Amino acid sequence: HFELELISDGLVEHIYNDTLYIDKKGSIHIFTYNDIHSLKMLEDTRIIKIRFDPNFLQPQLTGFLLIPTIRPMCRFDEKDLAYSVHQAEIIKSEQENEPDFYDIRTKHLISDIIIMILRYSDISSFSLPSDAIQRAIGIIIKDFKEDLSLSGLAGVLNLSTDYLGKLFKKSTGLSFNEYLNKIRIR
């Protein structure tokens, strides 16, 4: 599962993939199943956590969040914090009560919060992967249970196997097989 974690009040010491952060009111993170994190509350704190299946999102968004060099986190201003807390409360209610069309509404609300985080995070400062790598990651996420190979994926993307392998390693920090195995193990 993926997780949204929003500090709606308080102060915490947060260790996220071996990096220490001091998070306070308005801080929000997106964690994937590849991330390791722990919290130490430094004062009374209210944390809202929302867990969701990554396959719930658009493949392009999931693929983007799974790129190891991208760590979406930010601190919302008061207006966006209030909005996100309200959205999170609706998501929790929808997940608990499962009214008609709850899955569609929840998918929309979670995607909205993620896009807000990415915009606050200034994703232009990240090393964004090429369109080919984003498409490759989307295919891997969608078809990871199938018999996937670098050469087969290169054929689908109309790229040479060598070129795709080098581009994949450069963009994700992992070889195609390492990335595929990481997705399968989750």
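Since the structure is predicted, the reported quantities are computational estimates derived from the model, not experimental observations.
Contacts of K49 classified as side chain to side chain donor-acceptor pair (under 3.5 Å), with partners at least two apart in sequence or in another chain: E5. Partners of T45 by side chain to side chain donor-acceptor pair (under 3.5 Å), not counting sequence neighbours: none found. Residues passing the salt bridge (Lys or Arg N to Asp or Glu O under 4.0 Å) test with E89, sequence neighbours excluded: R46. Applying the ring pair (Phe, Tyr, Trp, His ring centres under 6.0 Å) rule to F31 yields the partners H14, Y16, H29, H37; only residues at least two apart in sequence or on another chain are considered. Annotation: side chain to side chain donor-acceptor pair (under 3.5 Å) contacts of E98 (sequence neighbours excluded): none. With sequence neighbours excluded, no residue forms a side chain to side chain donor-acceptor pair (under 3.5 Å) with D147. Partners of R75 according to the salt bridge (Lys or Arg N to Asp or Glu O under 4.0 Å) rule, which considers only residues two or more places apart in sequence or in another chain, do not exist here.
Remark: M73 CE to L118 CG distance equals 12.0 Å, nearest 0.5 Å. Interatomic distance, OG of S121 versus CD1 of I115, reported as 12.5 Å (0.5 Å rounding). Going from atom OG1 of T32 over to atom NZ of K182 covers 7.5 Å, rounded to the nearest 0.5 Å. In this structure, the separation between NZ on K25 and CG on D9 is 5.5 Å, given to the nearest 0.5 Å. Note that CD1 of I133 is 12.5 Å distant from NZ of K169, once rounded to the nearest 0.5 Å. To the nearest 0.5 Å, atom CD1 of residue I114 and atom CD1 of residue I30 are 4.5 Å apart.
Under the 4.5 Å side-chain heavy-atom criterion for ILVMFWY residues, a single connected hydrophobic cluster contains both F2 and I183. One hydrophobic cluster, built from ILVMFWY side chains closer than 4.5 Å, holds both I90 and L81.
Environment of CG in D18: sparse, with no more than 12 heavy atoms of neighbouring residues, nucleotides or ligands closer than 6.0 Å. Dense packing is recorded around CG of N97, with more than 12 heavy atoms of other residues, nucleotides or ligands lying under 6.0 Å away.
Side chains of E3 and D35 form no contact here, defined as non-hydrogen atoms less than 4.5 Å apart. Put simply, the side chain of I141 reaches to within 4.5 Å of the side chain of I137, judged on heavy atoms. Looking only at side-chain heavy atoms (C-beta outward), F56 and T62 stay at 4.5 Å or farther from each other. Proximity of P72 to L65: side-chain heavy atoms (C-beta onward) are separated by under 4.5 Å at one or more points.
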Kindly list each side-chain donor-acceptor pair under 3.5 angstrom involving residues 150-167, sequence neighbours excluded, with atom names and distances?
from	atom 1	to	atom 2	distance (Å)
S151	OG	S149	OG	3.4
S160	OG	Y163	N	3.1

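Under a 4.5 Å side-chain heavy-atom cut-off, the cluster of Ile, Leu, Val, Met, Phe, Trp and Tyr residues that includes I15 is completed by L20. Hydrophobic cluster membership of F101, counting Ile, Leu, Val, Met, Phe, Trp and Tyr whose side-chain heavy atoms lie under 4.5 Å apart directly or via other members: I104. Other members of the cluster containing M41 are I7, V12, L39, I47, with ILVMFWY side chains joined at under 4.5 Å, either directly or via other members.
Applying the side chain to side chain donor-acceptor pair (under 3.5 Å) test to every pair with at least one member in residues 102-118, sequence neighbours left out, gives these pairs: Y83-D112, E94-R105.
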Please test I113 against I117 for side-chain contact (heavy atoms from CB on, under 4.5 Å), starting from the C-alpha separation and ending with a verdict. CA-CA 6 Å; I113 293 172; I117 294 167; 4.0 Å; yes
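For the residue pair D53 and H1, the shortest heavy atom distance occurs at N-CD2, 3.6 Å. Minimum heavy-atom separation, Y179 to F168: CB-CE2, 3.4 Å. Across all their heavy atoms, S84 and M116 have their closest contact at OG-CE, 3.7 Å. Taking both residues in full, the closest heavy atoms of L148 and R184 are given as N-NH2, 3.8 Å, listed atom of the first, atom of the second, then distance.
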